[in-house]
Amino acid sequence: MTPILELRNITRIYGEGDNRVIAVDSVTLSLNRQEMLLIMGPSGSGKTTLLSMMGCILRPTDGEVIIDNKVVSDSDEDMLPDIRKQYFGFVFQSFNLFPSLTAVDNVELILRLKKHDRKKLQADALRLIERFGLAKRGDFYPSDMSGGEKQRVALARALAGDPPIILADEPTANLDSKTGLDVLRHLKGLAVEAQKAIVIVSHDPKAETMADRVVYLEDGKIKDK
Amino acid sequence: MYWLALKTLFHEKGRLIITLIGIVFSTVLSLTQIAMYLGMMGNATSILRHVDADIWVAAKNIQNFDFANPFPEERINRVNAIPDVVWSDKLILTWGFLKLANGGQEQVQIIGFNPDSGIDVPWNILAGNPEDLKSGRYMIIDKTAEQRVGRLELNTIWELNEKRFKLVGLSEGIKSFTTSPIVFMSYNQAQGFMTMTGRKSNHASFIVARLKDKGLSRDVAETLKVSLKDNDVFTKKDFIYKTVMYWTVQTGMGMGFFLTAILGLIVGGAIVGQTVYANTMEHLREFGTLKALGARNSDIYKVIFAQTGISAVAGYTIGSVLILLAKDGIEKAGVSLYLSAGLFLSLFFVILLTCLLSAYFSVRKVRTLDPATVFRM
C-alpha cells in the first residue's frame, strides 16, 4: 500500500549560532490510510513541531514531506493553504471552535472554506454533527457545551470536506477519562470505517492501547518504533 | 467568509453596539460640523448666488459681501459703457435698527434694490409682492427673523431708525452670515439709511451687471478694473470665493469647523479600530485555526474588512438618520444646516475609509499570525 503521508529525513532547526535548537532531527516516518499513529514523548521532545511539519503548517529545515506521492515540502508558500485544505483535518487540545458560531456553523465554516457545494452546506454540516451523536446540540454555541461535546464538534469539523489525514494534538488533554476514551474511539472509528489516516500526539496511555503504531520522540529523534 | 463576518458581528452584540456608538458619534459630529459650515457659507453668499448677475462692482478693498462700503453710484455709467453688458443695476447693503414691540431694538441688514430691474431679490416669497416696495416706505422681511423680532404680520407698521415702514411681504429662508434679520426695501428708501450714517445720498454699495455671454465674465471684469480703479471688480464666482475665504480663513472659523470634524473622525476611527482590534485579538486562536485549516490571509482580511465595512454602513446610516431627524429642531434654534446628497455620499466614503484604515492593525496582526502557534494556544 502506498503511504498517504511520508516524512523523509526531516529536520527542523530553530534559531542560529548559540541559540540554535534542533527541534526535530532526521525523522523518517510513513502513514497509511486506515492507520492510527500515536506520537508520544516528553514535553519539548519535538512532537508538536513534527505534527506541524506533517500538516504543512511548518516547513522542515531539511528533508522531504511527501503527500500522496507528491513532494510538498518544497512547494511555494502560496500553495500550502490549498494543500492543507485538500489533505488535512485538525483536532486541537483546546478545541479551537469559533465561540460565536453554533456547532453546525463551526462545521459549515470549514465546508465553506473548502468551497463545498453551496446547496448542501447546511445539510452536510448537520450530517457530520449527527455522525458524532450531536444531533440535538447542533444549534448550541461552544460555551453551552461540555468539553467532550466540543471535541466531538472539532472531530466533525476535522472531517468536513473529507480530508484523508486527521492530525490531532493532545485531543484528550482537556477531557475527563471517560470522555477522552470516547474521543479516541471516534478517532479509531475514523481510521477503520472512514479509511482516514490518523496521527495523534498525546501523553494519554489510553491512546497507546488504541493506536496501530506508536512512535516515541525524544530530543527530536525517534527513539523506538 | 462574509458569512463568518456577519455571524460573528451580530453574535457579539455588545461589541457591535460600542463600534456603532463610535461611528454614530463620528458621523454626527463630522456631519453637523460640515453641514453647519456649509450652511453658514450658504448664508454668507445667499444673495450673491441668487442675484442673476455676472459682474459685481464693490468699493475698493472689500473683504466680503456683508462688509460693503459705499461708492458713487454714477460709476454705473462706466459699467454700461461696456458693450457686452446687457443689464446693470445698483444695490445697497446697509444696516438699521428695528424697534421691537417690547421697546428693544434689533439690528437688521437692509438690502435696497430696484424692484423694476428684475434682479430677482427677494426670492421664496411667502406673501406680498416685491413690486409693492416701489410705492414708498414699505419693506419685506424674511420669516426667519421672527425668532429675533417677534411675530411678523402683513400690513403692520414697524419703526426702522425712527422711520415708519409698512410690512408688505414675507420671504422665507433668506439669511445672512451675521444672523441679523434681512429687510428688503426699494433702492431709494435704502439710500436714506446710508445718509443717516453720514454717507452722501448718491452712493451705492454694489453695481451688478449681466452679460450677453457668461463666458466673458473674466474679460469684462479685467476691462472694468482698468476703468474703475477706485473699485474692486469681481466675477460672481470670484466674489463668492472671496466671501467664503474671508469667513473661513481670516476669522479662523473654517479651521475650527475643520478641526472639530477631523476630531470626530479620529475619535470614531479610534473607537472602531480599538473594538475591531480587540475582536481580532479575541479571535486570534480561531483565525490561526482557520489558517491551519487552509484559509489564506486574504480570507481573514475579508472577515475583518467586512465587519468593519458593515459597522461603518450601519453606524453612518444611524448617524445620518439622527441628523435628519434633528435638522428641523436645530434650524429652529437659528443654525443653518446644509445637507445634500453629495455631502452624505462624500462623508460616507470618508467615514468608510477611516473605519477601514482603523482595521489596519488587526490586518497586520493576522498577517504575522503563524498558524503553527495554534498548537500552543
Side-chain angles (χ1 to χ4, degrees), chain A residues 12 14 23 47-59 77-102 104-106 108-115 118 121-122 141-143 154 157-158 160-161 163 167-170 201, chain B residues 1-20 275-308 310-311 362-363 366-377:
Chain A
R12 176 69 197 196
Y14 291 111
K47 304 186 298 292
T48 300
T49 302
L50 185 63
L51 195 72
S52 300
M53 287 192 288
M54 282 178 160
C56 298
I57 289 174
L58 200 62
R59 280 178 184 279
E77 198 67 41
D78 266 7
M79 297 293 295
L80 295 180
D82 289 337
I83 292 168
R84 293 200 292 268
K85 250 192 286 196
Q86 186 181 350
Y87 289 101
F88 296 99
F90 290 88
V91 180
F92 303 94
Q93 178 179 339
S94 305
F95 324 121
N96 294 15
L97 299 174
F98 262 89
S100 48
L101 299 182
T102 63
V104 171
D105 285 345
N106 264 287
E108 188 181 330
L109 171 64
I110 304 308
L111 290 173
R112 285 175 179 270
L113 183 69
K114 296 186 175 183
K115 310 282 183 217
R118 280 186 165 267
L121 280 170
Q122 281 217 311
Y141 288 95
S143 56
R157 181 179 68 177
L167 305 180
D169 181 40
E170 302 279 8
V201 165
Chain B
M1 284 297 134
Y2 299 117
W3 173 85
L4 175 62
L6 282 171
K7 288 258 179 186
T8 310
L9 190 67
F10 291 108
H11 181 76
E12 290 158 5
K13 293 183 181 68
R15 186 161 285 151
L16 176 62
I17 288 168
I18 293 170
T19 308
L20 290 180
T275 51
V276 169
Y277 187 72
N279 194 37
T280 305
M281 291 303 290
E282 205 167 275
H283 290 303
L284 216 51
R285 176 193 289 179
E286 289 81 33
F287 287 146
T289 304
L290 276 181
K291 281 176 93 165
L293 293 169
R296 293 174 181 278
N297 279 339
S298 57
D299 292 323
I300 300 168
Y301 296 165
K302 278 181 200 166
V303 176
I304 294 170
F305 283 129
Q307 287 182 340
T308 311
I310 292 163
S311 302
S362 299
V363 164
V366 166
R367 193 179 66 222
T368 55
L369 174 64
D370 180 358
T373 58
V374 293
F375 291 115
R376 296 189 287 272
M377 283 173 166

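Here is how names work: the chains are called A, B, and so on, in the same order as the sequence lines, proteins then strands, and each is numbered from 1.
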Tell me whether B/Lys291 contacts the main-chain N or O of B/Val366 through its side chain, where contact means a donor paired with an acceptor under 3.5 Å.
yes

Pairing donors with acceptors under 3.5 angstrom, does anything connect the side chains of B/Thr19 and B/Ser311?
no

Checking the side chain of B/Lys13 only, and the main-chain atoms of B/Phe10 only, is there a donor and an acceptor separated by less than 3.5 Å?
yes

Between A/Pro163 and chain B, which part of the residue has a heavy atom less than 4.5 Å away: side chain, backbone, both or neither?
neither

Would you mind checking which part of A/Leu97 comes under 4.5 Å of any heavy atom in chain B, side chain (CB onward), backbone (N, CA, C, O), both or neither?
backbone

Does A/Gln122 have more than 12 heavy atoms from other residues, nucleotides or ligands lying within 6.0 Å of its CD?
no

Pick out which of B/His283, B/Gln307, B/Lys7 makes a side-chain hydrogen bond (donor to acceptor under 3.5 Å, both in side chains) with B/Glu12.
B/His283

Quick one: which of A/Asp105, A/Leu101, A/Ile110, A/Leu80 has the most heavy-atom pairs under 4.5 Å with chain B, could you say?
A/Asp105

When the 4.5 angstrom heavy-atom criterion is applied to B/Leu4 and chain A, the contacting part is side chain

Region of A/Phe90 that comes under 4.5 Å of a non-hydrogen atom in chain B
both

Considering only heavy atoms and a distance below 4.5 Å, find which of A/Leu58, A/Thr102, A/Leu109, A/Leu51 pairs most often with chain B.
A/Leu109

Should B/Arg296 and A/Asp82 count as an ion pair when the cut-off is N to O under 4.0 Å?
yes

At a 4.5 Å cut-off on heavy atoms, which part of B/Leu9 comes close to chain A: side chain, backbone, both, or neither?
neither

